Amino acid sequence: MTDRRALITGITGQDGLYLSELLLSKGYEVHGLIRGQNNPKEQLVREVVPEVQLHTGDLTDLSSLLRAMRNADPTEVYNLGAVSFVAYSWDNAFVTTDVTGNGVLNVLEAVRLHAGDDPSRIRFYQASSSEMFGKVQDVPQKETTLLWPRSPYGVSKVFGHYMTINYRESYGMHASSGILFNHESPRRGPEFVTRKVSRAVARISLGLQDTISMGNLDARRDWGFAGDYVEAMWRMLQQDEADDYVIATGQTHSIRDLLDAAFGHVGITDWQDRVVQDPRFMRPAEVDLLIGDASKAKEKLGWEPTVGFEELVAMMVEHDLEVERGRA
Ligand code: NDP
Ligand code: GDR
């Protein structure tokens with residue numbers, strides 16, 4: 001048995017897969033929490049990272065978390081599980097609060113109870129989010145920027161963020177929080193805007209669909225590559241002291257820029273009549289501008305992003321072209 005054992009919640013998600021690959025490459029024994037009966041994504045995890053040991057559990061069920069903790073006996077816990085789609089969180093505010101907010105408290109409690117006399121012996125990572133900045137009070141946003149969430153998802157993440165800090169301060173736990181800005185990849189869920197666009201652009205360029213329906217094209221995001229961001233999570237837990245870090249590229253682009261880059265990649269420069277504005281995709285309250293200042297992570301963790309915006313969009317469109325050609 002190796003002495004480096006990680007338990008990851010949200011193992012079936014985008015970040016769960018990248019983090020599993022990273023930790024396995026570093027010689028960790030990796031355990032993942034998987035929820036539900038006959039979870040449709042279990043097969044994907046078994047194919048991509050067959051070495052990962054899966055444990056049944058749910059963030060809303062403390063006893064299942066305690067059981068997973070006992071069976072995996074981790075040295076590091078990464079809490080990536082969440083209801084993570086912001087738009088969905090208005091229609092399902094209670095569930096979002098329970099999973100994305102209270103779920104953090106449950107994991108912290110399970111870690112504390114399992115760790116026993118020395119709560120710092122299990123290192124904990126919380127997946128906090130730039131959505132906590134919401135109606136931004138600083139440009140760019142950094143660790144000290146006042147939080148002003150704009151969605152039930154953002155509010156739930158703020159709860160989890162402060163609870164993580166509170167467990168660090170109350171019990172001396174090695175609990176760190178990564179305030180990660182949007183990060184994307186070919187594994188991104190199709191409901192998020194980058195993947196929605198990369199997939200539609202691939203299909204349009206292959207003649208499989210005519211248009212794409214979109215919401216607010218003026219919002220701006222700081223988009224990075226998920227593979228880079230899981231490296232930052234790991235580095236946070238290797239520090240002597242637990243702390244909170246902004247992880248971002250420091251570049252911001254609008255949804256229009258995203259459409260420009262994606263359509264441009266397949267040689268379509270005049271895309272206006274391919275995009276249909278659909279009020280269904282507008283949000284009750286929008287986060288207009290995100291741009292992060294990751295200088296603390298650069299200085300303390302030696303972390304920097306390696307993939308730029310154009311390269312990221314090209315990677316995603318290329319992936320979807322391959323997938324859609326396979327389907328055609
Ligand atoms: P995904 O939406 O891809 O994955 C979410 C994961 O949470 C899935 O594995 C899902 O499992 C799991 N989950 C949902 N509900 C529960 C539950 N009740 N109990 C246990 N697990 C559950 O998210 P990402 O990989 O993109 O993000 C990882 C984390 O980072 C999330 O917490 C997200 O909020 C946060 N974050 C993400 C950013 C990004 O840009 N990607 C930026 C900042 C923060 P299932 O397959 O069963 O649904
Ligand atoms: P976000 O990501 O809400 O930032 O949360 P998403 O990709 O869903 O939206 C980004 C921006 O694009 C605008 N938008 C659209 N979004 C979607 N999904 N679909 C559309 O058709 C569309 N049209 C315009 C949105 O209004 C928004 O401004 C992601 C999630 O991964 C969170 O879990 C994470 O915490 C944050 O990133 C950081």
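These numbers were taken from a predicted model, which means no experiment stands behind them. Indexing begins at 1, ligand by ligand and atom by atom, following the structure's order. Only heavy atoms go into these numbers, but all of them, side chains included; no hydrogens, no water, no symmetry mates.
- Within a 6.0 Å radius of NZ in Lys298, no more than 12 heavy atoms belonging to other residues, nucleotides or ligands are found.
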Which donor-acceptor pairs under 3.5 Å do the side chains of residues 305-323 make with protein atoms, sequence neighbours left out?
from   : atom 1 : to     : atom 2 : distance (Å)
Thr306 : OG1    : Asp228 : OD1    : 2.8
Thr306 : OG1    : Asp228 : OD2    : 3.1
Glu318 : OE2    : His265 : NE2    : 2.8
Asp320 : OD1    : Arg195 : NE     : 3.3
Asp320 : OD1    : Arg195 : NH2    : 2.8
Asp320 : OD2    : Arg195 : NE     : 3.1
Asp320 : OD2    : Ser198 : OG     : 2.6
Asp320 : OD2    : Arg199 : N      : 3.3

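- For Asp222 and His253, the side-chain atoms include no donor-acceptor pair closer than 3.5 Å.
- At least one side-chain heavy atom of Leu237 sits less than 4.5 Å from a side-chain heavy atom of Ser176.
- Protein residues with a heavy atom closer than 4.0 Å to ligand 1 are Gly10, Ile11, Thr12, Gly13, Gln14, Asp15, Arg35, Asn39, Lys41, Asp58, Leu59, Leu80, Gly81, Ala82, Ser84, Val99, Ala127, Ser128, Ser129, Tyr153, Lys157, Leu180, Phe181, Asn182, His183, Arg188, listed by chain and number.
- Remark: the Gln53 side chain and the His55 side chain contain no N/O donor-acceptor pair separated by less than 3.5 Å.
- Grouped with Phe124 in one hydrophobic cluster are Leu7, Leu33, Leu59, Leu65, Met69, Val77, Val83, Phe85, Tyr88, Val95, Val99, Val104, Leu105, Val107, Leu108, Val111, Ile122, Phe159, Met163, Tyr167, Tyr171, Met173, Phe192, the linkage being side-chain heavy-atom contacts under 4.5 Å among Ile, Leu, Val, Met, Phe, Trp and Tyr residues.
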Which N or O atoms of ligand 2 sit under 3.5 Å from a protein N or O, and how far apart is each pair?
from     : atom 1 : to     : atom 2 : distance (Å)
ligand 2 : 3 (O)  : Arg283 : NH1    : 2.6
ligand 2 : 4 (O)  : Asn182 : ND2    : 2.8
ligand 2 : 4 (O)  : Arg221 : NE     : 2.9
ligand 2 : 7 (O)  : Val193 : N      : 2.8
ligand 2 : 8 (O)  : Arg283 : NH2    : 2.9
ligand 2 : 9 (O)  : Arg283 : NH2    : 3.4
ligand 2 : 18 (N) : Glu191 : O      : 2.9
ligand 2 : 21 (O) : Lys196 : NZ     : 2.7
ligand 2 : 23 (N) : Gly215 : N      : 2.9
ligand 2 : 26 (O) : Glu286 : OE2    : 2.6
ligand 2 : 28 (O) : Arg221 : NH2    : 3.0
ligand 2 : 28 (O) : Glu286 : OE1    : 3.0
ligand 2 : 28 (O) : Glu286 : OE2    : 3.1
ligand 2 : 31 (O) : Arg188 : NH1    : 3.1
ligand 2 : 31 (O) : Arg188 : NH2    : 2.9
ligand 2 : 33 (O) : Ser84  : O      : 2.6
ligand 2 : 33 (O) : Tyr153 : OH     : 2.8
ligand 2 : 35 (O) : Ser129 : OG     : 2.6
ligand 2 : 35 (O) : Tyr153 : OH     : 2.5
ligand 2 : 37 (O) : Asn182 : ND2    : 3.1

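- Put simply, CE on Met233 and OH on Tyr125 are 4.0 Å apart, with the number rounded to the nearest 0.5 Å.
- No hydrogens or angles considered: nothing links the side chains of His174 and Ser120 as a donor-acceptor pair under 3.5 Å.
- Between Asp98 and the choices Asn102, Thr100, Thr96, the side chain to side chain donor-acceptor pair (under 3.5 Å) rule is met once, by Asn102.
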